[in-house]
Visitor: 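Sharing a structure with you now.
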Amino acid sequence: SYPRKFERIIRKAVFKMLDVTAAKKATYATVVFKDLYQHLTKDWKLDSGGVVTIPPAVNTNVFQPQKESDSSTKPKEGALFVGHLVSRKGADLLPAISQLAPELHITVAGDGPLYQAIVDDAIKLGVSNSFTFLGAISGQSVSHYMQSAKVLLVPSWSEGLPITVLEALSSGTPVVATNVGGMKDIVTNGKNGFLVEAGDVQAMANNASKIALSDTIPYETMSSTARNSVLTSFTWEVITCQFEQIYESAKGTYLSKIP
């Protein structure tokens, strides 16, 4: 994959040419996290009344905590990474995180150009036994692994508001993520997970271990908080209602201009 700095330049150019141009012509523009709202209204001078923050929704019936009544259910354990194995997602940092938390088993669900490099680094650092690589998996399998993991790792260098984070929280799985994009809109330190600075593998390892391996945090409380944080704001019902409201408003604005 090409270097992160070139990817950011390309993404910003496309955003300026396409997204901002379209947003200026629309009655409403929706964005998925609050910092993007600030970016559009302050940096790109869009009318603040025409920009609305509506996050993604998650299917809370598919992504739900393990059923305690099921005797065949295994206890939650280890860490999970779900995503494309590219530099922007911080996938190449996983071996270094594992080296700092060798007792934490990391399951990697995803494929991409950095797969072999990650495997090689894990071997070089002596932590290959701490990894399970699943490759690309189906949505149903993602739900299973979200339920089974004790913590989701999101070491990304840049993000929007990733649906994988909402899926994990909906599954009752706390998240350790970098404080980029819309992460702080959904992850609250010490409540449903932890936020760390991008590239800080030590903080990522420490907080993942704190959640998955330590008794210093009441895990059941954090897991329940994770689930509830989605039920209050990120269900299909909640998000659909928000879109219906702006559609009705936009329709009213359009009809009012018809002679």
Side-chain angles (χ1 to χ4, degrees), residues 1 58 62-67 70-157 159 162-178 187 193-194 196 199-215 217 219 222-223 226:
S1 60
V58 62
V62 172
F63 292 92
Q64 56 180 309
Q66 292 178 329
K67 292 180 172 60
D70 188 348
S71 59
S72 65
T73 300
K74 296 180 179 180
K76 291 165 72 72
E77 60 181 2
L80 177 67
F81 173 92
V82 178
H84 198 40
L85 302 184
V86 294
S87 181
R88 183 175 69 86
K89 293 289 186 179
D92 50 335
L93 300 178
L94 292 172
I97 295 170
S98 179
Q99 187 183 37
L100 293 167
E103 296 180 0
L104 182 68
H105 192 87
I106 301 176
T107 298
V108 179
D111 203 352
L114 291 182
Y115 169 76
Q116 193 59 52
I118 296 169
V119 171
D120 292 343
D121 282 349
I123 294 172
K124 185 189 304 181
L125 295 175
V127 294
S128 58
N129 289 337
S130 295
F131 280 90
T132 296
F133 292 92
L134 302 175
I137 60 176
S138 67
Q140 184 175 0
S141 294
V142 170
S143 173
H144 165 72
Y145 285 103
M146 287 290 190
Q147 288 180 335
S148 302
K150 290 200 78 172
V151 60
L152 179 75
L153 301 178
V154 188
S156 302
W157 291 94
E159 279 289 357
I163 190 67
T164 53
V165 172
L166 293 175
E167 290 170 347
L169 296 176
S170 183
S171 303
T173 300
V175 175
V176 178
T178 48
V187 179
F194 291 97
V196 305
D200 191 343
V201 292
Q202 184 70 68
M204 181 74 65
N206 288 349
N207 285 298
S209 295
K210 190 184 299 182
I211 292 173
L213 303 174
S214 171
D215 294 329
I217 291 179
Y219 185 82
M222 182 171 277
S223 176

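Numbers for residues simply follow the sequence, beginning at 1.
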Visitor: Hey, what do you get for CZ (Phe81) to OH (Tyr145), rounding to the nearest 0.5 Å?
Guide: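 It comes to 15.5 Å.
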
Visitor: So Ile211 and Met222, do their side chains get closer than 4.5 Å, heavy atoms only?
Guide: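 Heavy-atom side-chain distance check passes, below 4.5 Å.
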
Visitor: Kindly give the heavy-atom pair with the smallest separation between Ser87 and Leu114, and that separation in Å.
Guide: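 For Ser87 and Leu114, the tightest heavy-atom pair comes out as N-CD1, 3.3 Å.
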
Visitor: Below 4.5 Å, heavy atoms only, C-beta onward: do Val108 and Leu85 meet side chain to side chain?
Guide: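 A side-chain contact exists here, since the closest heavy-atom pair is under 4.5 Å.
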
Visitor: Enumerate the side chain to side chain donor-acceptor pair (under 3.5 Å) contacts for residues 122-137, please, sequence neighbours excluded, ordered by first and then second residue.
Guide: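 Every side chain to side chain donor-acceptor pair (under 3.5 Å) pair that includes a residue of residues 122-137, provided the two are not neighbours, is His105-Thr132.
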
Visitor: Just to verify, what does Ser171 make a side-chain hydrogen bond (donor to acceptor under 3.5 Å, both in side chains) with, not counting sequence neighbours?
Guide: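 Counting only residues at least two positions away or on another chain, Ser171 forms no side-chain hydrogen bond (donor to acceptor under 3.5 Å, both in side chains).
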
Visitor: Checking Lys74 against Ser148: is there a side-chain donor and acceptor pair closer than 3.5 Å?
Guide: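 The answer is no; no qualifying pair exists.
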
Visitor: To the nearest 0.5 Å, tell me how far Leu125 CG sits from Leu100 CG.
Guide: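 Reported to 0.5 Å precision, the distance equals 9.5 Å.
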
Visitor: Answer whether the closest heavy-atom distance between the side chains of Met146 and Val82 falls below 4.5 Å.
Guide: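 Yes, at least one pair of side-chain atoms sits under 4.5 Å.
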
Visitor: Which residues pass the ring-ring contact (aromatic ring centres under 6.0 Å, His included) test with Tyr219, not counting sequence neighbours?
Guide: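 Expected list: none.
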
Visitor: Rounded to the nearest 0.5 Å, what separates atom CD in Glu103 from atom OG in Ser98?
Guide: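 Interatomic distance, Glu103 CD to Ser98 OG, rounded to 0.5 Å: 11.0 Å.
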
Visitor: For Trp157, does its backbone N or O pair with a side-chain atom of Thr178 as donor and acceptor, under 3.5 Å?
Guide: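 No, because the side chain of Thr178 does not come within donor-acceptor range (under 3.5 Å) of the backbone of Trp157.
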
Visitor: In Å and rounded to the nearest 0.5 Å, what is the CD to NZ distance from Glu159 to Lys89?
Guide: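 Those atoms lie 3.5 Å apart.
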
Visitor: Let me confirm one number: the CZ-CG distance from Phe131 to Leu104, rounded to the nearest 0.5 Å.
Guide: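 Spacing of CZ (Phe131) from CG (Leu104) equals 9.0 Å.
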
Visitor: Is any side-chain heavy atom of Val165 closer than 4.5 Å to one of Val154?
Guide: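 They are in side-chain contact.
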
Visitor: To the nearest 0.5 angstrom, please state how far the CD atom of Glu167 sits from the CD atom of Gln64.
Guide: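 Between atom CD of Glu167 and atom CD of Gln64 there are 13.5 Å.
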
Visitor: With side chains defined as the heavy atoms from C-beta onward, is the minimum distance between Ile118 and Asp121 less than 4.5 Å?
Guide: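 Ile118 does not reach Asp121 side chain to side chain.
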
Visitor: Would a 4.5 Å heavy-atom cut-off, applied to side chains only, mark Thr107 and Leu134 as touching?
Guide: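 Yes, close enough: below the 4.5 Å cut-off.
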
Visitor: Does the side chain of Leu169 come within less than 4.5 Å of Phe63's, by heavy atoms?
Guide: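 A side-chain contact is absent here, since even the closest heavy-atom pair is not under 4.5 Å.
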
